[in-house]
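Fair warning: this is a prediction, and the values are worked out from it, not measured in the lab. Lettering of chains follows the sequences in order, A, B, ..., and the numbering in each one begins at 1.
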There are 2 protein chains.
Amino acid sequence: MDFSELKSVCCGCTIRELCLPAGLTDQEVLLLDQHMSHRQPVKKGESLYRTGDAFKSLYAVSTGFFKTSILHEDGRTQVTGFQMAGEILGLDAISADRHVCDAVALEDSVVCEVPFDRFEELGQLMTNLQRRFNRTLSREIVRDQGVMLLLGSMRSEERLAAFLVNLAKRFSARKQSSSELVLRMTREDIGSYLGLKLETVSRLLSRFHDEGLLAVRGRNIQILNADGLNRLVGVA
Amino acid sequence: MDFSELKSVCCGCTIRELCLPAGLTDQEVLLLDQHMSHRQPVKKGESLYRTGDAFKSLYAVSTGFFKTSILHEDGRTQVTGFQMAGEILGLDAISADRHVCDAVALEDSVVCEVPFDRFEELGQLMTNLQRRFNRTLSREIVRDQGVMLLLGSMRSEERLAAFLVNLAKRFSARKQSSSELVLRMTREDIGSYLGLKLETVSRLLSRFHDEGLLAVRGRNIQILNADGLNRLVGVA
DNA sequence: ACAATTTTTTGATCTTTATCAAAAAAGCCT
DNA sequence: AGGCTTTTTTGATAAAGATCAAAAAATTGT
């Protein structure tokens, strides 16, 4: 079986690009694909899973855009991340066999469902897969610690610049324009993620616009001065 | 071989209590112990590893207390966590085969070194161990997201209360007093972890003292009103 | 396409936390 | 033990970001 065929099957069209199996042999990808992945659409605004749901599967974002957020008892919520094609949802649920955050689609999306018990079995058979997965988990830890740095030590303008630079980098890694960003989330979502109020986010975007760093038209944002943004983040 | 013997060997004295192998059979613990763990003292103020160091091993804290921190290009640092007996150091390094934070002993400590390549091999042989480890990694993700909530949505007094409540809980899980805390870190370390300045931490401790929540004598802190603290955190 | 809702922008003001400064306390070294 | 360094406390002031408010713009449902 060659890969022109695989491309048309279930998740075959995307699974090769996903973080999860990157670095596997063709045979391994095939196995993963045949045995486990199940394509599933999620409409804009729908939850893929909610806090407290039993943990059955990981989800690889095939196309679309998600946000994850955790809830505090008193009703406050904190957006913990935004996920795009190729990124994995549900890693935090392995810990206690329950989801501990909500995952909501910010646009019509498609995910690859990967039943975790079967995935674990396969990991026992395929050393390569297991090693990849350890790294995937560890990479998420590193990402989270980066957010801790952002929230704990950066000023508001630095946080927003870091956010935009990060988004641009991820779009660019997916062969999309890294200067023309179409934000899928509200100012409030951005604010929650960055530990700021939506008004502050709005004001900062206006300021960046006035300073010639960005062209802001609602959720369409064009990066006009990437160096300037990077300088704000402190990566001089 | 019975376990009275095991207790005297290398890491045997502590490894059974560690998060890493919890839930393993005696035989499995024995294997882990014999093949992999290597006890190593770390003096107060010394680094167990530094950012950029090649990743060889994970470390389980046997006794003592550590802090981990990441560095920003411009010299700022962010304390990302404090680790005590039974907790694992180095999980973030799996991602890129390099340590991405510094781990410093805050008191004379002993760690169990676990060479990661051997650990991975063993994980392939012992399904149980591998599953445990996946959970350990996931639990760290959940912990980090809790810190994101703290930094992104809580006010200074809530952050400090959450910090103290968390410390108390962890001490208590180790059969130490949960009301008499001896802090191993400076006010500056606490501030960095909580995204506050050391003066703010000091002022808050004084205020909690005045309000009868705590008795503060330098780094000796007694929790006088645990309910009050919990109420501040929002766990009413 | 239009009314209703949600999101975004902007202004005025207030609150929280940071900054600067200096003294007091604690810890460390020999 | 005593001098030296580091840490902690506390006060006065400043700055960053939050809050409140209202209009403008964008999105959604029918």
Side-chain angles (χ1 to χ4, degrees), chain A residues 43-46 65 67 76-79 104-108 150-164 181-211 214-221 232, chain B residues 43-46 65 67 76-79 104-108 150-164 181-211 214-221 232:
Chain A
K43 277 247 171 306
K44 178 174 177 176
E46 282 182 6
F65 206 91
K67 74 168 173 187
R76 273 179 291 193
T77 72
Q78 169 74 29
V79 172
V104 176
L106 295 182
E107 63 182 3
D108 290 352
L150 182 141
L151 291 172
S153 338
M154 290 179 148
R155 284 171 308 118
S156 61
E157 59 183 31
E158 300 173 310
R159 294 185 204 181
L160 184 61
F163 169 74
L164 293 170
L181 309 180
V182 180
L183 301 183
R184 255 66 232 222
M185 70 294 280
T186 67
R187 305 287 194 255
E188 187 169 20
D189 288 334
I190 299 173
S192 172
Y193 181 64
L194 299 177
L196 304 170
K197 293 294 163 185
L198 70 302
E199 295 96 327
T200 305
V201 173
S202 177
R203 274 184 242 275
L204 286 169
L205 285 172
S206 300
R207 210 177 85 204
F208 286 178
H209 181 102
D210 293 346
E211 294 171 350
L214 306 173
V216 180
R217 281 191 351 277
R219 295 195 184 178
N220 291 68
I221 289 186
L232 268 182
Chain B
K43 277 246 170 308
K44 177 175 179 178
E46 282 182 6
F65 206 92
K67 73 169 173 186
R76 273 179 291 195
T77 72
Q78 170 74 30
V79 171
V104 176
L106 295 182
E107 63 182 3
D108 291 351
L150 181 141
L151 290 171
S153 339
M154 290 178 149
R155 285 173 307 117
S156 62
E157 60 184 30
E158 298 173 312
R159 295 185 202 180
L160 185 61
F163 170 73
L164 293 170
L181 309 180
V182 181
L183 302 183
R184 255 64 232 226
M185 69 295 279
T186 66
R187 304 288 194 254
E188 187 168 21
D189 288 333
I190 299 172
S192 171
Y193 181 65
L194 299 177
L196 304 170
K197 292 294 162 184
L198 71 304
E199 294 96 326
T200 304
V201 173
S202 178
R203 273 183 243 275
L204 286 169
L205 286 172
S206 300
R207 209 178 85 205
F208 286 178
H209 180 102
D210 293 347
E211 294 170 350
L214 307 174
V216 180
R217 281 194 349 277
R219 296 195 182 176
N220 292 66
I221 290 186
L232 268 182

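Here the side chain of A:R187 is nearest to one of D:dC20, C:dC20, C:dT8, namely C:dT8. For B:L196, whose side chain is taken as the heavy atoms from C-beta onward, the closest listed nucleotide among D:dT10, D:dG17, C:dT17 is C:dT17. Listed candidates were C:dT19, C:dT8, D:dT8. Nearest to the side chain of B:K197 is C:dT19. Counting only heavy atoms from C-beta on, B:L198 has its side chain closest to D:dT9 among C:dT8, D:dA21, D:dT9. When the nucleotides C:dT9, D:dT19, D:dG17 are ranked by their closest atom to the side chain of A:S156, D:dG17 comes out on top.
Ranked by how close their nearest DNA chain C nucleotide is to the 5' end, B:G195 and A:S202 are led by A:S202.
Counting only distance, with no hydrogens or angles, the side chain of B:R219 and the backbone of B:L183 share no donor-acceptor pair below 3.5 Å. B:R184 places no side-chain N or O within donor-acceptor distance of the main-chain N or O of B:E107, the cut-off being under 3.5 Å.
One can find a donor-acceptor pair under 3.5 Å joining the base of D:dT19 and the side-chain atoms of A:R203.
As a whole-Å value, the separation of A:E199 CD from D:dA22 P is 14 Å. Atom CG of B:L183 is separated from atom C1' of D:dT6 by 17 Å (rounded to the nearest Å). One can place CG of B:D210 at 12 Å from C1' of D:dT9, the figure rounded to the nearest angstrom. With rounding to whole Å, B:L194 atom CG is found 11 Å from C:dA18 atom P. Atoms CZ (A:R155) and P (D:dA14) sit 19 Å apart, rounded to a whole Å. Remark: C1' of D:dG17 and CE of B:M154 are 19 Å apart, rounded to the nearest angstrom. In this structure, B:R219 places its CZ atom 7 Å from P of D:dT7, rounding to the nearest Å.
Counting non-hydrogen atoms of other residues, nucleotides and ligands closer than 6.0 Å to CD of B:E199 gives a total above 12.
In this model, the phosphate group of C:dT9 is not approached by any side-chain N or O of A:S206 to a distance below 4.0 Å at OP1 or OP2. A sub-4.0 Å separation between OP1 or OP2 of C:dC28 and a side-chain N or O of B:K44 is present.
Every salt bridge (charged side-chain N to carboxylate O under 4.0 Å, His left out) that B:E157 has, sequence neighbours left out, goes to B:R155, B:R207. The side-chain hydrogen bond (donor to acceptor under 3.5 Å, both in side chains) check on A:S156 picks up nothing, with sequence neighbours excluded.
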